[in-house]
Amino acid sequence: FNTERFGQHILKNPGVARDIVDKANLRPTDRVLEVGPGTGNLTVLILEKAKQVTAIEMDPRMAAELSKRVQGTPEQRKLNIMIGDFVKADLPYFDVCISNTPYQISSPIIFRLLSHRPLFRVAILMFQREFAMRLVAQPGSSLWSRLSANVQLYAAVDHIRKVDKANFRPAPEVDSSVVRVVPKDPPPPVKFEEFDGLTRILFTRRNKTVHANFQAKGVYKMLEQNWKTWCAETGQMVEDGVDFKQRVDSLLEETGYAENRAAKMTVDDLLKLLSAFHDIGVHFA
Ligand code: SAM
């Protein structure tokens with residue numbers, strides 16, 4: 001195990017740790033999931049307020065240290081330590097997730113949490129500043145990206161505070177930020193793979209028009225293939241001589257999105273466009 005590979009930067013500022021846990025507004029009935037507890041600087045504070053904590057830690061030495069730290073305390077029985085990789089672990093039920101995230105798994109953490117059912121109430125997560133700013137970015141801003149849209153499809157994300165790199169040992173190379181993630185409940189009734197398939201095309205060059213991005217190599221071909229599969233699955237005849245590209249282009253015109261640019265499109269715009277495609281049997285996954 002090595003510090004870099006596991007992103008082991010321990011939070012040394014007790015005020016910041018307290019603030020992160022406070023922001024979760026924990027209730028005495030809450031079951032909390034903590035990802036990457038390390039030596040337990042956040043864990044002990046969570047234990048004071050929650051009913052139960054499951055901490056998933058990949059490094060057995062860290063897990064042992066945490067276990068020792070709570071041994072013999074009244075909180076010991078509330079803590080369940082799972083040794084393993086969060087990405088592969090079976091997640092328990094949880095109301096709240098708190099994590100000073102190992103940065104290597106920033107994306108997997110957020111998407112795994114959002115696809116977990118039943119939905120959690122809130123997650124308080126620390127990320128590299130740049131990643132955090134993309135999570136909270138709004139359409140029209142320079143950081144609005146495929147990541148922003150894909151996450152905001154499922155959740156409201158806001159920036160809670162900055163955490164300077166000097167608060168960690170060893171100090172990482174970049175500053176961090178803490179965000180609050182509140183899932184939309186119920187989630188929008190759209191398959192993630194479909195939405196992701198659309199944003200993958202439109203954000204390839206986010207300042208180009210929707211129409212221009214559809215011209216990229218392979219896009220029409222892939223969509224036509226998906227459309228034919230859909231026709232077969234729904235028992236529809238694939239009419240002869242259909243100009244598929246023409247059909248897609250006129251849909252883009254009709255919806256009014258042809259000349260839009262992903263850089264300025266909202267999640268709602270993207271959902272409307274996706275839904276119009278689905279109406280004519282065109283799928284992105
Ligand atoms: N939460 C502690 C704190 O704030 O001081 C430690 C934070 S440290 C940035 C990240 C922790 O996550 C390390 O203890 C590391 O071993 C652990 N970790 C790294 N990758 C992991 C993974 N895939 N699953 C679970 N834990 C992981």
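Everything quoted here is computed from the prediction, not taken from an experiment. In each ligand, atom 1 is the first atom listed, and ligand 1 is the first ligand listed.
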Please say whether the positively charged group of Arg200, taken as NZ for Lys or CZ for Arg, lies over the ring of Phe284, i.e. under 6.0 angstrom from the six-membered ring centre and within 45 degrees of the axis.
no
At a 4.0 Å threshold, what atoms of ligand 1 neighbour a non-hydrogen atom of [X]?
| X | answer |
| --- | --- |
| Asp85 | 22 (C), 23 (N), 24 (N) |
| Glu34 | 1 (N) |
| His9 | 7 (C), 8 (S), 9 (C) |
| Ile105 | 22 (C), 23 (N) |
| Ile56 | 25 (C), 26 (N) |

Going by heavy atoms, is Val87 under 4.0 Å from ligand 1?
no
Heavy atom of Gly84 under 4.0 Å from ligand 1?
yes
For the pair [X] and [Y], find out whether any cationic side-chain nitrogen is under 4.0 Å from an anionic carboxylate oxygen.
| X | Y | answer |
| --- | --- | --- |
| Asp19 | Lys23 | yes |
| Asp22 | Arg18 | no |
| Asp269 | Lys264 | no |
| Asp30 | Lys49 | no |

Evaluate the ring planes of Phe192 and Tyr154, with Trp represented by its six-membered ring, and classify them as parallel (under 30°), tilted (30 to 60°) or perpendicular (over 60°).
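Plane angle between 30° and 60°, so tilted.
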Please walk me through it: do Tyr220 and Phe244 pass ring pair (Phe, Tyr, Trp, His ring centres under 6.0 Å)?
CA-CA 8 Å; Tyr220 285 108; Phe244 183 79; 7.0 Å; no
Would [X] count as a polar contact of ligand 1, with the cut-off being nitrogen or oxygen pairs under 3.5 Å?
| X | value |
| --- | --- |
| Pro102 | no |
| Asp59 | no |
| Thr101 | no |
| Leu11 | yes |
| Glu57 | yes |
| Phe86 | yes |
| Thr39 | no |

Applying salt bridge (Lys or Arg N to Asp or Glu O under 4.0 Å) to Lys68 and not counting sequence neighbours gives none
Test log, rule ring pair (Phe, Tyr, Trp, His ring centres under 6.0 Å), inputs Phe86 and Phe6
CA-CA 12 Å; Phe86 164 80; Phe6 289 94; over 10 Å; no
Applying side-chain hydrogen bond (donor to acceptor under 3.5 Å, both in side chains), run through His211 and Glu253 and close with a yes or a no.
CA-CA 9 Å; His211 182 261; Glu253 289 303 329; 5.8 Å; no
Regarding [atom]: of the candidates [options], which has the closest heavy atom?
| atom | options | answer |
| --- | --- | --- |
| atom 27 (C) of ligand 1 | Met58, Glu65, Met126, Arg169 | Met58 |
| atom 1 (N) of ligand 1 | Gly38, Gly36, Gly7, Ala89 | Gly36 |
| atom 7 (C) of ligand 1 | Leu66, Asn100, Asn13 | Asn100 |

Mind checking what makes side chain to side chain contact (heavy atoms under 4.5 Å, CB included) contact with Asp175, not counting sequence neighbours?
Arg129, Asp164, Lys165
